[in-house]
Amino acid sequence: MTVIIDGKAIAKDIRLELKEEINQLKQEGVTPGLAVILVGEDQASQTYVRNKDKACAEVGIHSEIYRYPAELTEAELLSKVDELNKDDNIHGILVQLPLPSHISEDKVIDAISPLKDVDGFHPVNVGKMSIGKDAYYSCTPYGIIKMLEKENISLEGKHVVVVGRSNIVGKPAALLSLKESATVTVCHSKTKDLSSFTRQADVVIAAVGKAKFLKADDFKPGAIVIDVGMNRDEEGKLCGDVDFESAKEVAGRITPVPGGVGPMTITMLLFNTVKSAKLHAAKAVF
Ligand code: NAP
């Protein structure tokens, strides 16, 4: 029988563990702090930032939100990042993407101290991840690895097929799977005969951004199906990159959308912020 992986419950457990760690840190005089910068009026970004703020409050992380109009200059934004880099009460800095087109996202990400880059987007953290070192890992793929760990699923020796090669999901999901000793195949829009790859997979990580793109026929019976997609179907309902209803008849385990990978993403942001605060308290770096 197919097991539905309950990302919401796993995320809740991790947040409870974090809450205890945060209480401990507070007793030692350290309150983990996250600064979030939002530029412009993008509705989705506003919602993400609100959710991050709420999640911080729930576990006891101090959060500061800096909201700026879309006209903010690149220099002004870089100056704010610099100020937060030097602020001892702030352990994590997150600049909500996308930024208005007159601001270079690369420049802004590069300006965040790698030691406070809790989104895991800085080239130093990406580089460390790619050579298998400890670092801040991108929250969504790291959430997938944690979720599998909590489900007692080892990736060692498994064939993981990642569909998608974006810098924030596909590529880091592939690198982190490799770190777990999986055999990894990465597919993308130029891949020929995609399903010949996905059908060989013990684990499929779907990060395509197309509603219900992968169907039952694309999976090997018993495969573990991790659906990262967040799309709207024809009726405007939230759905993943996997056609859940058909795929669940074939998969051994599968994540739903909503309630699968999604809740893990913010949880790993909290996790990375606490990790940074702990390193700061211990005056250590990795
Ligand atoms: P993205 O940057 O648009 O990347 C999509 C990837 O899919 C690209 O690498 C693209 O290939 C590949 N692709 C597109 N069409 C394909 C096809 N026909 N066959 C095979 N591969 C194809 O998207 P993303 O940022 O990685 O996000 C992917 C999905 O995850 C989206 O639905 C997004 O909303 C969701 N997401 C969810 C969370 C969460 O917390 N749950 C977080 C982040 C993203 P090319 O590189 O060749 O163009």
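Note that the numbering runs from 1 along the sequence shown for the chain. Order of appearance sets the numbers: ligands from 1, and atoms from 1 within every ligand. Side chains included, hydrogens not; waters and symmetry mates left out as well; all remaining heavy atoms used.
Protein residues having at least one heavy atom under 4.0 Å from any atom of ligand 1 are Thr140, Val163, Gly164, Arg165, Ser166, Ile168, Val169, His188, Ser189, Ala207, Val208, Gly209, Lys210, Phe213, Val228, Gly229, Met230, Asn231, Gly262, Thr265, listed by chain and number.
Shown here are the side-chain contact (heavy atoms from CB on, under 4.5 Å) partners of Glu41, two or more places apart in sequence or in another chain: Gln46. For the side-chain contact (heavy atoms from CB on, under 4.5 Å) test, residues two or more places apart in sequence or in another chain that qualify with Ala75 are Thr73.
Between Asp119 and Tyr136, every side-chain heavy-atom pair lies at or beyond the 4.5 Å cut-off. In this structure, the side chains of Asp202 and Ile224 stay at 4.5 Å or more apart for every pair of heavy atoms.
For Asp218 (side chain) and Lys215 (main-chain N/O), a donor-acceptor pair under 3.5 Å exists by modelled atom type.
Sorted by first and then second residue, the ring-ring contact (aromatic ring centres under 6.0 Å, His included) pairs involving residues 71-112 (not counting sequence neighbours) are His91-His280.
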